[in-house]
Amino acid sequence: MSKTEDSGVETPKADNFIEAIIKQDLAEGRIEKVVTRFPPEPNGYLHIGHAKSICVNFGLAETFGGECNLRFDDTNPAKEDQEYVDAIKEDVRWLGFQWAGDIRYASSYFDQFYQWALYLVKEGNAYVCDLTAEQASEYRGWATAPGKDSPFRSRSPEENLALLEKMRAGEFDEGHCVLRAKIDMASSNMNLRDPILYRIRKESHHQTGDKWCIYPAYDFAHGQEDAIEGVSHSICTLEFADHRPLYEWFLEHLPVPAKPRQYEFGRLNINYTVTSKRKLKQLVDDKVVAGWDDPRMPTISGMRRRGYSPAAVRNFCQSLAVAKTDGVVDMAQLEFFIREDLNDNAPRAMCVLNPVKLIISNFEEHINGDVQTVAAPVHPGKEELGTRELPFTKELYIDRADFSEDTTLGRKKFKRLVFGEYVRLRSAYVIKADEVIKDAEGNIETIIASLVPDTVGESPPEGIKPRGVIHWVSASHGKQATVRVYGRLFVHEAPDRGEENFMQHLNPDSLSVLQNCWVEPSLADAAPEGAFQFEREGYFVADRYDHQAGSPVFNMTIGLRASK
RNA sequence: UGGGGCGUCGCCAAGCGGCAAGGCACCAGGUUUUGAUCCUGGCAUUCAGAGGUUCGAAUCCUCUCACCCCAGCCA
C-alpha cells in the first residue's frame with residue numbers, strides 16, 4: 001500500500017502486481033522478510049529508466065520493512081569500469097536511497113560460482129564445449145527448428161573437470177571453449193539450449209584484477225547472487241522473462257542457500273529521448289554532448305546537473321505503474337513533476353536573458369541618491385521565507401522581448417511594455433515608455449522611460465493601467481551571467497524507432513549559451529546546485545561545476561508553463 | 001512462422017461478472033504585481049476486432065488482429 005509522495009490529499013494507490021504477490025508471500029509465510037536488490041552492471045551511467053527500477057526496488061523494501069542491496073553485476077570486465085561503479089553509487093545516494101550493508105559485487109562471489117560450476121560438471125549437468133562461436137550458433141538452431149547436440153556434449157565428468165580446470169588455469173585462448181549447461185537443445189525457449197556458463201576472457205577485472213581468466217555469464221550468476229544474498233523477490237525488466245526458466249533451473253540444480261523468485265515489469269520509455277546505455281554512451285563517445293552528466297542527457301547525473309531535484313524524480317517514478325505493459329511515457333509527465341517541485345520550493349529571482357537598457361528619466365526627481373532598495377518576496381506563496389532586497393537604479397535592463405513599438409498590439413495579446421504605455425516593473429514602480437534610441441541599423445539601443453511615483457507596492461493612480469508586469473535588473477548593481485538554455489536532445493518523438501539511426505534525429509539546437517544575461521546581485525553568491533525560479537522565465541540552477549561567485553553560470557532546468 | 005509478453009481516453013493508468021477511478025496533456029472560465037501558481041468546470045454510452053456464455057461482460061469462453069521481447073562466448 002503505497003501513497004503518492006505529494007503533499008496533497010493522500011490518495012491510496014492500488015497495489016501493483018508485485019506488491020500483491022509480496023503480501024501473499026508474507027501472509028502465507030513463504031518469506032518472513034522482503035529483500036530486494038538493484039543490480040546494475042557498471043558499464044555506463046544510470047538513466048531515468050534505472051531511476052524507476054531503483055524506486056521500485058528500494059521502495060518495495062521500504063514499504064514492507066525489508067532491505068534493498070546495491071549489487072554490481074560485474075561479470076564482464078571487458079565492458080566495465082570503476083568510473084561507472086563510483087558514478088552509480090553517487091547517483092543512488094543522490095536519489096535519496098541507502099542500500100543495506102556494504103556494496104555487493106557479483107565478482108566477490110566468483111569463487112562460489114566456480115565451485116558450483118564444478119558441482120554441475122560432476123553431476124553431469126555441464127560440459128566443456130569446443131565449438132566455435134559460429135558453430136555454436138549453427139548448432140543452436142532456429143526459432144522453429146530445434147538445435148542439435150554439440151559433439152562435446154557427451155564428454156565424461158572427469159574429462160570435463162580436467163578441461164574446466166585448464167580453462168581456469170589459463171591454458172586455453174579466449175574463444176577456445178566454454179562451459180555449458182546440459183539442458184535441452186530442442187527447447188522452444190532458446191535460453192535453455194545448453195546456455196553458456198563460463199567463457200574465457202583474458203581481461204583484468206576492475207574488482208578482482210587478474211585473479212580470473214574465465215568469467216560467469218549473466219544467467220549463471222544472477223540467480224545465484226540473489227540466493228547468496230537472501231533476496232526474496234528479484235525484480236527485473238520484461239526482456240528477462242524468457243530467462244526465468246533458466247534462473248530457476250540453476251536454483252534447482254545447485255545447492256543454493258535460498259530460492260529467490262524473479263518477477264518482471266515493463267521498463268520505462270520516455271518520448272523524445274533514448275534510454276539505453278549503449279546509445280547514451282555513443283552520444284558521449286561521439287561528443288554530441290559534453291559527457292554523461294550533460295544536462296541534456298536523461299542520465300541521473302544529467303538530470304541532477306539540469307536542476308531536477310531527487311524528490312521530483314522520485315515523485316515521477318512513483319506516478320508510474322509497475323505493470324507488464326510497455327508503453328512510452330510523455331516527457332510532459334516528467335516535466336510536470338519537475339515543475340511541481342520547483343514551483344513549491346525554488347526561491348524567486350530575476351534574470352534578464354536578452355537585455356536592452358532602460359533609463360528612468362525622472363529618477364532624480366523622485367528618488368534620493370543613486371539607488372532605492374525595494375523588497376521582493378523570496379516566494380510569493382510562502383511569506384515565511386521573507387523578502388530579498390533589490391537595488392532599483394536609474395539604468396536598468398529589461399528583456400528585449402518585453403518591449404514593443406507596435407502600439408496596435410492588443411492588451412490581452414501583449415501584456416508587456418509598449419511605446420507610450422505603462423507596465424509594472426515587478427516589485428517596483430509602474431513606468432511608461434517615452435522614447436526609443438536606436439543605432440545606425442535601426443536596432444533599439446535604449447528605452448527612455450519615466451516612473452510613476454508612489455507605485456511601489458501601491459496601485460497606480462486612476463487612469464493608469466499597466467499592461468502587465470515585467471522583470472528587470474539594475475544595470476549598475478546587477479551581475480553579468482552566463483545562462484545555458486536547453487532544448488530537447490532529439491527532434492523525433494521516438495528516435496529509437498525503425499531502422500534509421502537514432503543519431504539522425506538529434507536536435508541541432510539543443511543548447512544555446514547566453515553570455516550577456518543579467519541577474520540580481522544576490523544571485524552571484526548562489527551556491528552550486530542552488531535552484532531558482534527566474535520569474536516569468538522558468539527554473540534555473542547554478543551549475544554544479546562551472547558556477548562561481550565571480551562569474552555566475554546557470555543552467556535552465558525547465559521553462560514556466562506558457563499559456564496562450 | 002517456435003516460444004514468451006501485452007493490448008482500457010492523445011499519453012500513463014485503475015478495474016478481477018454488476019453498469020468505465022485518477023494523473024499528464026488539452027479546452028473553457030475565475031483569482032493574480034510571474035501570460036506562472038492556485039481555483040472551478042469540460043474531456044471514453046465505451047474497454048484492439050468479431051462471435052459466444054450470462055438477467056448482466058472491459059472483466060468468462062472462442063477465433064482474429066496489432067505491438068514488444070528472444071536465435072551475444074552482453075546484461
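Letters A, B, ... mirror the listed sequences (proteins, then strands); counts begin at 1. Values reported hereafter were calculated over all heavy atoms of this structure, with side chains retained and with hydrogens, waters and symmetry mates removed.
Across B/C69, B/G5, B/C74, the shortest atom-to-atom separation from the side chain of A/Glu239 is found for B/C69. Nearest nucleotide to the A/Phe336 side chain, out of B/G5, B/C24, B/G35: B/C24. Listed nucleotides: B/U34, B/G35, B/C12. Nearest to the side chain of A/Glu535: B/U34. The side chain of A/Ala14 lies closest to B/G15 when the candidates are B/C74, B/G15, B/G35. Comparing B/C11, B/U37, B/U34 against the side chain of A/Val469 picks out B/U34 as the nearest. Closest to the A/Arg426 side chain, of the nucleotides B/U33, B/C12, B/A75, is B/U33. Between B/A13, B/G4, B/G35, one nucleotide has an atom nearer to the side chain of A/Ala321 than all others, and that is B/A13. For A/Arg199, taking side-chain heavy atoms from C-beta onward, the closest of the listed nucleotides B/A36, B/A75, B/C24 is B/A75. Listed nucleotides: B/G35, B/G5, B/U34. Nearest to the side chain of A/Phe414: B/G35.
Here A/Pro380 lies in heavy-atom contact (under 4.0 Å) with a base. Within 4.0 Å of A/Leu131, counting heavy atoms only, lies at least one base atom of the nucleic acid. Base contact: A/Lys412 has a heavy atom under 4.0 Å from a base atom. As judged by a 4.0 angstrom heavy-atom cut-off over every strand, A/Val328 is placed among residues touching the sugar-phosphate backbone only. No engagement by A/Val322 is indicated, since no non-hydrogen atom pair under 4.0 Å with the nucleic acid exists. Residue A/Ser187 is classed as having no contact, given no heavy-atom separation below 4.0 Å to the nucleic acid. No contact: A/His471 has no heavy atom under 4.0 Å from any strand. Within the nucleic acid shown, A/Ser276 has no heavy atom closer than 4.0 Å to any nucleic acid atom.
A gap of 36 Å separates the P atoms of B/G49 and B/C39, to the nearest Å. Between B/G23 and B/G42, the distance separating the two P atoms is 12 Å to the nearest Å. For B/A66 and B/A50, the P atoms lie 16 Å apart once the distance is rounded to whole Å. Straight-line distance between the P atoms of B/G15 and B/C6: roughly 15 Å, to the nearest whole Å. Comparing the C1' positions of B/A20 and B/U59 gives a spacing of 11 Å, expressed to the nearest Å. Rounded to whole Å, the C1' atom of B/A58 lies 16 Å from the corresponding atom of B/U53. Spacing between B/C68 and B/A48 at atom C1', rounded to whole Å, works out to 15 Å. When the C1' atom is compared between B/C67 and B/C61, the two are found 24 Å apart, to the nearest whole Å.
Look at B/U31: it lacks any Watson-Crick or wobble partner with both distances under 3.5 angstrom. Taking a pair to require two hydrogen-bonding distances under 3.5 Å in either a Watson-Crick or a G-U wobble arrangement, B/C55 pairs with B/G18. Figure legend. B/A48 is base-paired to B/U64; pairs are counted as Watson-Crick or G-U wobble with both atom distances under 3.5 Å. With a 3.5 Å ceiling on both atom-pair distances, the Watson-Crick or G-U wobble partner of B/C26 is B/G42.
The side chain of A/Arg348 contributes no N or O atom lying less than 4.0 Å from OP1 or OP2 of B/A36. Using a 4.0 Å cut-off, some side-chain N or O of A/Thr325 falls inside it from OP1 or OP2 of B/A13. Within the structure, a side-chain polar atom (N or O) of A/Arg536 is placed less than 4.0 Å from OP1 or OP2 of B/G35. OP1 or OP2 of B/C68 has not a single side-chain nitrogen or oxygen of A/Arg267 nearer than 4.0 Å. Side-chain N/O atoms of A/Arg416 include none lying less than 4.0 angstrom from OP1 or OP2 on B/U33.
When the C1' atom of B/U33 is taken as reference, atom CD of A/Glu383 falls 14 Å away, rounded to whole Å. Rounded to an integer number of Å, the gap from A/Arg339 CZ to B/A36 C1' is 10 Å. Rounded to an integer number of Å, the gap from A/Asp454 CG to B/U33 P is 18 Å. Atoms CD1 (A/Ile398) and P (B/U34) sit 17 Å apart, rounded to a whole Å. With rounding to whole Å, A/Tyr198 atom OH is found 17 Å from B/C73 atom P. One can place NZ of A/Lys382 at 13 Å from P of B/C38, the figure rounded to the nearest angstrom.
Projected onto RNA chain B by closest heavy-atom contact, A/Thr144 and A/Asn76 fall at different nucleotides, the more 5' of which corresponds to A/Thr144. Annotation: of the two residues near RNA chain B, A/Gly327 and A/Asn343, the 5′-most nearest-nucleotide partner is A/Gly327.
Contact check on A/Asp399 versus A/Arg416 returns no salt bridge, with no Lys/Arg side-chain nitrogen under 4.0 Å from an Asp/Glu carboxylate oxygen. Contact check on A/Arg155 versus A/Asp130 returns a salt bridge, with a Lys/Arg side-chain nitrogen under 4.0 Å from an Asp/Glu carboxylate oxygen. We find that A/Asp344 and A/Lys382 are not joined by a salt bridge, their nearest charged nitrogen and carboxylate oxygen being 4.0 Å or further apart. Salt bridge annotation for A/Glu248-A/Arg261: absent, with no cationic side-chain nitrogen under 4.0 angstrom from a carboxylate oxygen. For the pair A/Arg388 and A/Glu520, the salt-bridge criterion is met [side-chain N within less than 4.0 Å of a carboxylate O].
Side-chain atoms of A/Asn16 never come within 3.5 Å of backbone atoms of A/Val322 as a donor-acceptor pair (strictly under, hydrogens ignored).
A donor N or O paired with an acceptor N or O is found under 3.5 Å between the base of B/G23 and the side-chain atoms of A/Gln333. Side-chain to base pairing of A/Asp242 with B/G3: one donor and one acceptor N or O lie within less than 3.5 Å of each other. Between the side chain of A/Arg561 and the base of B/G35, no donor-acceptor pair under 3.5 Å is found. The base of B/U33 is paired with the side chain of A/Arg424 by a donor and an acceptor separated by under 3.5 Å. Checked by distance alone, A/Gln533 brings a side-chain donor or acceptor within 3.5 Å of a matching partner on the base of B/U34.
Between A/Phe534 and A/Phe532, the ring-plane angle classifies as parallel under the 30° and 60° cut-offs.
Enclosure of atom CD in A/Glu389 is not indicated, since only 12 or fewer non-hydrogen atoms of other residues, nucleotides or ligands lie within 6.0 angstrom.
In textbook terms, a nucleotide whose glycosidic angle is within 90° of 0 is syn, and B/G72 is one such case.
In this structure, A/Tyr109 and A/Arg104 have side chains that are in contact, with non-hydrogen atoms separated by less than 4.5 Å.
Remark: aromatic rings of A/Phe220 and A/Trp116 are distant, center separation not under 6.0 Å.
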